[in-house]
Student: 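There's a structure below that I have some questions on.
Predicted model, so just to flag it, every value in this text is computed and none were measured. When a residue number appears, it is its place in the shown sequence, counting from 1.
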Amino acid sequence: MTQPDNALPAWIRRFTGSFWLLPLLFVLSLLEALMLPVPLELVLIPLLLIERQRLWLLAGVTLAGCLCGALLGYGAGAWLFDSLDHSLLAHLGSAEQFDDFSRQLAERGFMAILTVAVTPVPFQVAMLAAGAGDYPLGLFMLASAIGRGIRYYGLALLVRLTGKQALRLWRHHARPLGLALLGLALLGFGLGFWLND
């Protein structure tokens, strides 16, 4: 099995055990929320394993970075969408995802954002759509905090409960877990829709 410190790039390993790990993790989380296509979990799980005495703090810093990135993405959607983001979405091949999510946002709002925040669906689409669609900022941030909090604190709990097995479990079960969470969220959507009619 791969050791946790071997799963990290060498430049990140240099920061383990130091104060600078927290600012680095914050920046990585912010960048992942805004634009990085690589899931942060690939770095976060090994860090949580190496820094087990600070795993809750690392999860909190990761969440804070993600929420700052979400706020910036929301702002980009609100203020720059007409001039910049539509061409950016077309370039990234995400225009169709954006249109689909915009419809979900109009129909389901909070639950649509919460679902995207928990699952492996690109969060950038949700940020831009919420900002461009004038979705209330407070509700957007609350849904983002709950969804991403479930992800990051859930990983910390996984590491706490399973130790070194967490990395193997994540690698083998990340997609099915994400799809299961998406299925539960969709079930919640359906129940909410059925109960409101």
Student: Partners of P136 by side-chain contact (heavy atoms from CB on, under 4.5 Å), sequence neighbours excluded?
Tutor: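 Expected list: L139.
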Student: Taking ring-ring contact (aromatic ring centres under 6.0 Å, His included) as the definition, give me every residue that meets it alongside F26, ordered by chain and number, with sequence neighbours left out.
Tutor: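 Checked F26 against ring-ring contact (aromatic ring centres under 6.0 Å, His included); zero matches.
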Student: Taking the side chain from S29 and the backbone from L25, do they hold a donor-acceptor pair closer than 3.5 Å?
Tutor: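 No: the side chain of S29 does not pair with the backbone of L25.
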Student: Of all the heavy-atom pairs spanning R151 and E41, show the shortest one and how long it is.
Tutor: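 Nearest heavy atoms, R151 then E41: NH2-OE2, 2.5 Å.
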Student: Less than 4.5 Å apart, any side-chain heavy atom of F110 and any of I146?
Tutor: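 Side-chain contact under 4.5 Å: yes.
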Student: What's the spacing between L34 CG and L30 CG if we round to 0.5 Å?
Tutor: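 Answer rounded to 0.5 Å: 5.0 Å.
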Student: Check residues 55-75 and write down every donor-acceptor pair under 3.5 Å in which the side-chain atom is one partner and the other belongs to a residue at least two apart or another chain.
Tutor:
| unit_1 | atom_1 | unit_2 | atom_2 | d |
| --- | --- | --- | --- | --- |
| T62 | OG1 | L58 | O | 2.7 |
| Y74 | OH | Y135 | O | 2.3 |

Student: Got a list of side-chain donor-acceptor pairs under 3.5 Å for residues 43-54, not counting sequence neighbours?
Tutor:
| unit_1 | atom_1 | unit_2 | atom_2 | d |
| --- | --- | --- | --- | --- |
| E51 | OE1 | Q53 | NE2 | 3.4 |
| E51 | OE1 | R54 | NE | 2.9 |
| E51 | OE1 | R54 | NH2 | 3.0 |
| E51 | OE2 | G17 | N | 2.3 |
| R52 | NH2 | V159 | O | 3.3 |
| R54 | NH2 | S18 | O | 3.2 |

Student: How far does CZ of F140 sit from CG of L142, to the nearest 0.5 angstrom?
Tutor: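 So the gap between those two atoms works out to 11.0 Å.
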